[in-house]
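Notes follow once the structure below has been shown.
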There are 2 protein chains.
Amino acid sequence: MLQPEQKQAARAIVERLTEPCAHCDARHLSVCQAVEDPYLEQLAALVTTIELAPHDTMVTEGDPAGHYFNITYGTVKIYKLLPDGRQQIIGFSFAGDFVGLSVRENYAYSVEALTPARACRFDRKRLEGLLTKFPKIEHQLRSQTSDELAIAQDQMLLLGRKTAKERVASFLLQLSHRAKRLGQPANPVVLTMGRADIGDYLGLTIETVSRTFTKLRAEKLIALGANNTVHLELNALSELSGAWN
Amino acid sequence: MLQPEQKQAARAIVERLTEPCAHCDARHLSVCQAVEDPYLEQLAALVTTIELAPHDTMVTEGDPAGHYFNITYGTVKIYKLLPDGRQQIIGFSFAGDFVGLSVRENYAYSVEALTPARACRFDRKRLEGLLTKFPKIEHQLRSQTSDELAIAQDQMLLLGRKTAKERVASFLLQLSHRAKRLGQPANPVVLTMGRADIGDYLGLTIETVSRTFTKLRAEKLIALGANNTVHLELNALSELSGAWN
DNA sequence: TTGCGTCATTGATCCGGATCAAGTGTCAGT
DNA sequence: ACTGACACTTGATCCGGATCAATGACGCAA
């Protein structure tokens, strides 16, 4: 016989499966905020929830771009490869981030889970069918795309002109700002990705990333804690990152 | 007394001033294609044509983002600066390109003319007021933004992971593809920007750009002609650029 | 014509970060 | 407790591109 709290949990799971959007933790963060409660079921109708283990691939560069994704849990990396295997990570996405925004026929990048992750998958064709009914969605998509563009442009400055130390400092501040924006503590940040991925994001090698962490620690600008936690000296790092303030 | 062809020319100039959109050479290339002929005057009402000499600034990083621009003639560079003067060029824009696409309150970059240039200036607030009436414009803006994002992501791969030779080859192919897309010959391309700007775009110094041109010429992959014309060995350059083909 | 300013090329040297090569935890499975 | 497997750190050396420094090639104004 089930205990009351077990029944409650079971009901929550069933609701999550049948009405994913109404119970979505990431809803207020994402494009879904453009749809009012009473119409949510129309959105829910074209959504599938997917679960990913680390190293699972969500999207493969060159494949037909059939879906948009909304990360609701975990960390994924978005990356491009050169034919000889060199990798550039375009970005990391966390809960609330929309992935797959493109008007093109095929994905221009691959997406892979770094941690266990969960995502909402939207059928692209059908979502675009809703755009005339909910013009707010189109606006929201443009807004998201525009923000990503601004972030990409900042990253071009980083990759083209910053030193290794400036890159790592900028990266740590990015994580801090993102955490704050999501309502989490800005200061001790958690690195959910390894040194290799940080390197592939910053255009550096794993050794340079490691050495730079060591130097920053020696200068008391960061402190490495347990579980990949990093305490930051925010003001000093900001000086160093090449930010304008 | 004016000759008939002079009258004709004068009339064209007057029409250009009073009905800029209807006579815009770049119209079919830009966001303006979302508006049908009979409604063009509504678009024209919020447009000003501006002329720029080389080194004139169109937009300054940090200023309130009051306008969108549509380049109709010439070349401009879009760039970001670090406090110590290091510069990263985010992109070059030519006739038909839309500049200033952003949802943010302030420009995140500066824009400066490299050649004599002309542009249509749209009042941002008023253009966004038209979005409900012409939802196609919103879609067009998203589409443009999305394309720019894809280009920025390619550039991140270039800046983070490509060698100097691969960067220069990629850059020349970009110019070639852009020319083809605009219906111009794909092969002899014209460099409307100097070596310094190419360097600031590719994350290299002026000397490295120059040396790389010299090497490519020695390998018969390019030939430098008069007036900054460059003849390209498209297939060989494509091999070298790290493109997937 | 000369002189000057600007830009591109070329050479010599330097250095930040890459590459190559060991270590050093740390944790899961036995 | 032992053993891989894996991720990270640290050290030694190398090299691609940066920096410093002339030199050439135009166009333009006097």
Side-chain angles (χ1 to χ4, degrees), chain A residues 53-55 75 77 82 84-88 114-116 158-172 190-219 222-230 240 242, chain B residues 53-55 75 77 82 84-88 114-116 158-172 190-219 222-230 240 242:
Chain A
H55 303 295
T75 307
K77 68 171 176 183
L82 287 171
D84 63 4
R86 278 172 288 171
Q87 177 177 136
Q88 178 64 40
L114 297 179
T115 66
L158 180 151
L159 291 170
R161 290 299 180 217
K162 289 190 185 178
T163 65
K165 212 166 172 183
E166 290 168 338
R167 292 181 200 209
V168 172
S170 301
F171 171 66
L172 292 170
V190 179
L191 301 179
T192 52
M193 66 296 289
R195 299 286 185 272
D197 287 325
I198 297 174
D200 283 341
Y201 180 57
L202 299 178
L204 301 171
T205 58
I206 184 172
E207 293 95 333
T208 300
V209 172
S210 184
R211 278 187 245 273
T212 307
F213 270 97
T214 303
K215 277 179 205 154
L216 290 177
R217 196 175 35 173
E219 296 169 21
I222 63 173
L224 305 182
N227 298 112
N228 300 308
T229 293
V230 187
L240 216 145
Chain B
H55 304 294
T75 307
K77 67 171 175 183
L82 286 172
D84 64 3
R86 278 173 288 170
Q87 176 178 136
Q88 177 64 40
L114 297 179
T115 65
L158 180 150
L159 291 170
R161 290 301 181 215
K162 289 189 184 178
T163 64
K165 211 166 173 184
E166 291 169 336
R167 292 181 199 207
V168 172
S170 301
F171 170 67
L172 292 170
V190 179
L191 302 180
T192 52
M193 67 297 289
R195 298 287 185 272
D197 287 325
I198 297 175
D200 282 340
Y201 179 56
L202 299 178
L204 301 171
T205 58
I206 184 172
E207 294 95 333
T208 300
V209 173
S210 184
R211 279 187 244 272
T212 306
F213 270 98
T214 303
K215 277 179 205 155
L216 290 176
R217 197 175 35 174
E219 297 170 19
I222 63 172
L224 305 182
N227 297 112
N228 300 309
T229 294
V230 186
L240 217 145

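In what follows, every chain begins at residue 1, and chains take the letters A, B, ... in the order their sequences are listed.
Atom CZ of F213(B) is separated from atom CZ of R195(B) by 4.5 Å, given to the nearest 0.5 angstrom. The structure places OG1 of T163(A) at 7.5 Å from CG of L240(A), a figure rounded to the nearest 0.5 Å. Rounding to the nearest 0.5 Å gives a distance of 9.0 Å between CG of L159(B) and CZ of R161(A). T214(A) OG1 to E219(A) CD: the interatomic distance, rounded to the nearest 0.5 Å, is 11.0 Å. For the atom pair L114(A) CG and K77(A) NZ, the distance stands at 6.0 Å (nearest 0.5 Å).
In this model, no side-chain donor or acceptor of R167(A) finds a partner on the base of dG17(C) within 3.5 Å.
The CE-P distance, from M193(A) to dA7(D), rounds to 15 Å in whole Å. What separates CZ of R195(B) from P of dA25(D) is a distance of 15 Å, to the nearest Å. Between the P atom of dG17(D) and the CD atom of E166(B) lies a distance of 9 Å, rounded to the nearest Å. Going from atom CZ of R161(A) over to atom P of dG17(D) covers 13 Å, rounded to whole Å. Distance, E207(B) CD to dC14(C) C1': 13 Å, rounded to whole Å. For I198(B) and dT9(C), the CD1 to P distance is 9 Å, given to the nearest whole Å. Taking atom CG of N227(B) as the reference point, atom P of dA25(D) lies 18 Å away to the nearest angstrom. Computed from coordinates, the I206(B) CD1 to dT6(C) C1' distance equals 10 Å when rounded to whole Å.
G203(B) comes within contact range of the sugar-phosphate backbone alone, with a heavy-atom separation under 4.0 Å but no base atom that close.
Regarding contacts with the backbone of dG17(C), every side-chain N or O of T208(A) stays at 4.0 angstrom or more from both OP1 and OP2. An OP1 or OP2 oxygen of dG17(C) is reached within less than 4.0 angstrom by no side-chain nitrogen or oxygen of R211(A). Contact annotation: S210(A) side-chain N/O to dT9(D) OP1/OP2 distance is under 4.0 Å.
Within residues 212-219 of chain B, no residue has any heavy atom under 4.0 Å from DNA chain D.
Counting heavy atoms from C-beta outward, L158(B) and L202(B) have side chains that approach closer than 4.5 Å.
Remark: side-chain polar atoms of S210(B) are not paired, donor with acceptor, to backbone N or O of I206(B) under 3.5 angstrom.
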